[in-house]
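Take a look at the structure below.
The basis for the numbers below is simple: all heavy atoms, side chains too, and nothing from hydrogens, waters or symmetry mates. Nothing here was measured: the structure is a model prediction, and the numbers come from that model. Order of the sequence lines sets the chain letters (A, B, ...), proteins ahead of strands, with each chain counted from 1.
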Amino acid sequence: MDLFVAAFGFGLVSMSVIAIAAVGFTMQFGITNMINLAYGEVMISSAYVAYYLNRAGFTIWFGMVAGALFGAVFSFLLNRILYAPFLRKGTSHLGMVIVSLAVSLMIANLLLPIVGYFPVSYQEDPGRLIRWGSIALTRDQFIIIGIAVVLMLAIHALLTYTRLGKAMRATAANPTLARNCGIPTQRVIDAVWLITGALCGLAGVVAALDSDSFAIANGATFLITVLAAAVLGGAGQPYGAMIGAVLIGMITELSAAAWSPQYKEVVAFGILVLVMVLRPQGLLAKRGALAAAG
Amino acid sequence: MNTYYAVNLLVYAGVDIIACLALNLQFGVSGIVNFSFIVFQAVGAYAAAVLSMPPDTANGGFQHYIGGYELPFPIPWLGGAIAGGLLAIPVGFVVLRKLRSDYQAIALLVLSVIANAVITNADKFLGGAAGIALVPPPLSDRIDPNTESYQYLYVGITAVCVVIALVVANRIVNSPYGRSLRAMRERELAATAIGKNPVQLKMTIFIVGGLIAGLSGGILVGFIQVWAPSVWLYPETIILFAAIIVGGRGNNIGAILGALLVPVGFEEITRFLNNSPSIANLGPPGLIPALQWVAIGLLIIGFLWFRPEGVRPESRRVFEGAPVREDR
């Protein structure tokens, strides 16, 4: 039983990591209508940015800020240089999915000669172990949970109380109508790529910090977990992604305790399949996966 | 150019052409973005391997796999094709039934990554990460596979399979069924409105594509005699997508052209580059293979931007008796 209580603790950390990543992904999709399959590779690129800064002597907390900035600028440029021109050209949704997968392949392989195949890890003292019953988490893991909670509250505040957040929701609901109401949708979309890119970069560093070591191949596993959480919650729904992250994070950690940590992604995939069969629109969305793709 | 090189090239070309014809039926003709296409080829290869191999206690039991039936030649290849078709049924049932098309694409991509991870970790099932080796080449009990005539025979059998796949693909593309598929690809709602059942159309072509993909896997594994998770990672599907996009979506000639240009032509150029030491030793290790993948990505993006219809565009089909000529 203690094993499961301990796994519950790890589940709290996992869900925090996934929540940061999945909310970024789902906002990108919900507002810009773009399934960005390069998301996992942007995450891993940011993790490596933090790694090199860390190796140069900076703390990992500085690395997180740098990773977030890198992710924001990278995603923004990716959209401006590649995705937006393709969308303006009238490329179909499926065409965009193929473009983003090609981008993902290119990022991974441009990164590979630089960083190599071998797994690396941050030089970071995880701090002393804080015990609470059978749950034992390090100081760093508590900080990760704290960052996630603060970010989720910030996203909620952004979407609910600010003009930018309301403009984002309007753009997501109906871009043409939003533009006609005087909302500068182009600038809103730029802001979305910056914000979600920052979440993506930060999530990459946090995920790398949470796992003992990481390698280039983790880009694909990050993407799968993020997709599972986003689809489970209802793609395009930030609150859905939070719920999805909570469920995926907890279930994968508990299954790792009960079964084998090798199969974490398989469990995430199993949940994804179940959702797609039983409730393709996700937990929160009304239309989601059922609507025709334009 | 020696015989071995020529035979190698021809068999790979045949396998790639068959695979591209199958993917073209799904992606080019029907608009199903099957990102897990390579899984169907892999299933065919594994099935053909275990059907033709002795039980895993043979050869000192150094590898573990299920099955091992030592069946004579055509059966393993047919088994490979059937395995590909059978796999398409549950996958299609989950993915094609009511999901929207971009969700289908990501679900299939995730399936491809996960299937590879599962087979890699399950080392008792199909050899795990090490894979399966010493797959007996077809007819090896009658003809010595190390002779030159056997090599030509293999090319011949592959060519027959290419012709069969092409005939099947042509029949489908030019049939009323193919017309329904194209109608569904262009506008699913309109096709539904005139009484076509898109789920049924997609399921059928998914299974047909799976059968042909399975056959291509059987041919390949008989030739290279090994099969492992590292040869069917998900980027392999992207190469085939690049082939279809470059060659021209929706027509079989385009698919063949793409197969010859991208997987065959490209691999040969990089093999040539890797063989010259001054280029192969350039930069950090693995630079050239990595740049090869980058080039595949650039090829896809470049073609989608500058020439989305491909080298040989699909011909525009116009109904002769139409009261109004549509000139666009």
Count the heavy-atom pairs under 4.5 Å between each of [options] and chain A, then report the option with the highest count.
| options | result |
| --- | --- |
| Phe93(B), Trp305(B), Phe35(B), Trp293(B) | Trp305(B) |
| Val94(B), Val95(B), Asn121(B), Val113(B) | Asn121(B) |
| Leu298(B), Leu189(B), Leu299(B), Leu291(B) | Leu298(B) |
| Gly297(B), Pro308(B), Ala290(B) | Ala290(B) |

Q | Option in Val103(A), Val97(A), Leu94(A) with maximal non-hydrogen atom pairs under 4.5 Å from chain B | A | Leu94(A)
Measure the spacing between [atom1] of [X] and [atom2] of [Y] and express it to the nearest 0.5 Å.
| X | Y | atom1 | atom2 | answer |
| --- | --- | --- | --- | --- |
| Gln200(B) | Ile205(B) | CD | CD1 | 12.5 Å |
| Thr196(A) | Met168(A) | OG1 | CE | 8.0 Å |
| Phe37(B) | Phe241(B) | CZ | CZ | 9.0 Å |

Q | Among Phe74(A), Phe29(A), Tyr39(A), Tyr83(A), ring pair (Phe, Tyr, Trp, His ring centres under 6.0 Å) partner for Trp193(A) | A | Tyr83(A)
Which atoms of [X] approach chain A - backbone, side chain, both or neither, heavy atom under 4.5 Å:
| X | result |
| --- | --- |
| Ile300(B) | side chain |
| Leu109(B) | side chain |
| Tyr234(B) | side chain |
| Ile245(B) | side chain |
| Leu304(B) | both |
| Val110(B) | both |
| Ala105(B) | side chain |
| Phe303(B) | neither |

Q) Under the 3.5 angstrom rule, does the side chain of Ser100(A) hit a backbone N or O of Asn36(A) as a donor-acceptor pair? A)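 Such a contact is absent between Ser100(A) side chain and Asn36(A) backbone.
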Q: Verify whether the ring centers belonging to Phe40(B) and Phe206(B) lie closer than 6.0 Å.
A: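 Centroid distance Phe40(B)-Phe206(B): below 6.0 Å, so yes.
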Against chain B, label [X] side chain, backbone, both or neither, depending on which of its atoms sit under 4.5 Å from a heavy atom there.
| X | result |
| --- | --- |
| Leu227(A) | side chain |
| Leu82(A) | side chain |
| Ser104(A) | side chain |

Identify the heavy atoms of [X] and [Y] that sit nearest to each other, and give their distance.
| X | Y | result |
| --- | --- | --- |
| Val192(A) | Thr32(A) | CG1-CG2, 4.1 Å |
| Leu105(A) | Pro235(B) | CD1-CB, 3.7 Å |
| Leu201(B) | Ser180(B) | CD2-CB, 3.9 Å |

(Q) If you apply the rule ring pair (Phe, Tyr, Trp, His ring centres under 6.0 Å), what do you find for Tyr65(B) with Tyr46(B), and how did you get there? (A) CA-CA 10 Å; Tyr65(B) 49 83; Tyr46(B) 278 124; over 10 Å; no
